[in-house]
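A quick write-up on the structure given underneath.
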Amino acid sequence: MKSKKTLFIVLAVVALVLIAVVGWGVSSYNGLVSTREEVTAAQANVEVYMQRRADLVPNLVNTVQAYADHEEEVFTALADARAALSGANTVDELNAANGALDSALSRLLVVVENYPELKSNENFLNLQDELAGSENRIAQARNKYNEMARDYNTRIQRFPTSIIAGIGNFEASAYFEASAESQTVPQVNFD
């Protein structure tokens, strides 16, 4: 009689441990799914802001073209960069396309320096303000994405959640990085 009671207690403890392990596994898996979806949503927000900035480019180009028709190389680079941004799907592709757009916009702003009447054009000034606002929103969205990606990447690497991450094929998220052009300090000239 005592051995049946002991066997029952042992089986009950084993069952409770199994239920706890399975519950932990399900909870960990669901938490990883939620975190991965937050990272995906944050990436989509960055893409939306980048696209908004890219949508400002044609208006900016049209305004500059009215003053500087012969700057075709810069206009072509902007068009190509916008197309690359529209076709980008991964964080690495977005980083590359955004770097190309940053570079092309920088060259456009250098062209603008040669046209003082353009620099005082109200439409151009408004577009420049909108572009600056877009840049700020992109920077904030990138920071939020990178924070979420860091949290997610940390979770999938921590033991024992890494076991669930490995079983569920949870892969690390890439980070948005500053472009090489952004590492160069801009030169201010008041001449």
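S103 places no side-chain N or O within donor-acceptor distance of the main-chain N or O of G99, the cut-off being under 3.5 Å. Listed for the N95 side chain is a donor-acceptor partner under 3.5 Å among the backbone atoms of Y175. Put simply, the side chain of N146 gets close to the backbone of F176: a donor and an acceptor are under 3.5 Å apart. No side-chain donor-acceptor contact under 3.5 Å links S27 to the backbone of G23. In this structure, N98 contributes its side chain and L94 its backbone to no donor-acceptor pair below 3.5 Å.
With sequence neighbours excluded, the residues forming a side-chain contact (heavy atoms from CB on, under 4.5 Å) with E38 are M148, listed by chain and number. Every ring-ring contact (aromatic ring centres under 6.0 Å, His included) that Y29 has, sequence neighbours left out, goes to F170. The side chain to side chain donor-acceptor pair (under 3.5 Å) check on Q128 picks up nothing, with sequence neighbours excluded. When the side-chain contact (heavy atoms from CB on, under 4.5 Å) test is applied to A44, no partner is found at least two apart in sequence or on another chain.
With no hydrogens or angles considered, no side-chain donor-acceptor pair links R155 and T161 at under 3.5 Å. Between the side chains of Q43 and E47, at least one donor N or O lies within less than 3.5 Å of an accepting N or O. No donor-acceptor contact under 3.5 angstrom links the side chains of N143 and E147, judged on distance only.
L105 places a side-chain heavy atom less than 4.5 Å from the side chain of L60. Residues R53 and I138 are in side-chain contact: their nearest non-hydrogen atoms beyond the backbone lie under 4.5 Å apart. Contact check for E135 versus D102: side-chain heavy atoms found under the 4.5 Å cut-off. Counting heavy atoms from C-beta on, the side chains of E37 and S34 never come closer than 4.5 Å.
Between I164 and G25, the shortest heavy-atom distance links the atoms CD1-CA, 3.9 Å. Among all heavy-atom pairs drawn from R137 and E130, the shortest one is NH2-O, 4.3 Å.
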Distance-only check: which donor-acceptor pairs under 3.5 Å involve side-chain atoms of residues 76-87, not counting sequence neighbours?
| from | atom 1 | to | atom 2 | distance (Å) |
| --- | --- | --- | --- | --- |
| T76 | OG1 | E72 | O | 2.9 |
| R82 | NE | A54 | O | 2.6 |
| S86 | OG | R82 | O | 3.1 |

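From Q51, atom CD reaches atom CG of D55 across 4.5 Å, with rounding to the nearest 0.5 Å. Between the OH atom in Y49 and the CD atom in Q140 there is a gap of 8.0 Å [rounded to 0.5 Å]. For the atom pair CD1 of I156 and OG1 of T35, the computed distance is 10.0 Å after rounding to the nearest 0.5 Å. Here the CG atom belonging to L56 is positioned 11.0 Å from the CG atom belonging to N126, to the nearest 0.5 angstrom. Here L108 contributes atom CG and L131 contributes atom CG; the two are 9.0 Å apart, rounded to the nearest 0.5 Å.
Hydrophobic clustering keeps V26 apart from L18 (ILVMFWY residues linked when any side-chain heavy atoms are closer than 4.5 Å, directly or through intermediates). In this structure, V13 is a member of the same hydrophobic cluster as V21, with clusters built from ILVMFWY side-chain heavy atoms closer than 4.5 Å. There is a path of hydrophobic side-chain contacts, each under 4.5 Å, that joins V33 to Y145. A continuous path of Ile, Leu, Val, Met, Phe, Trp and Tyr side chains, each step under 4.5 Å between heavy atoms, connects W24 with L32, placing both in one hydrophobic cluster.
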Going through the distances and angles, do N121 and E117 end up as a side chain to side chain donor-acceptor pair (under 3.5 Å)? CA-CA 6 Å; N121 178 285; E117 65 277 2; over 6 Å; no
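Between R36 and E171 there is no salt bridge, since no side-chain nitrogen of the basic residue lies less than 4.0 Å from a carboxylate oxygen of the acidic one.
Annotation: salt bridge (charged side-chain N to carboxylate O under 4.0 Å, His left out) contacts involving residues 8-23, sequence neighbours excluded, are absent.
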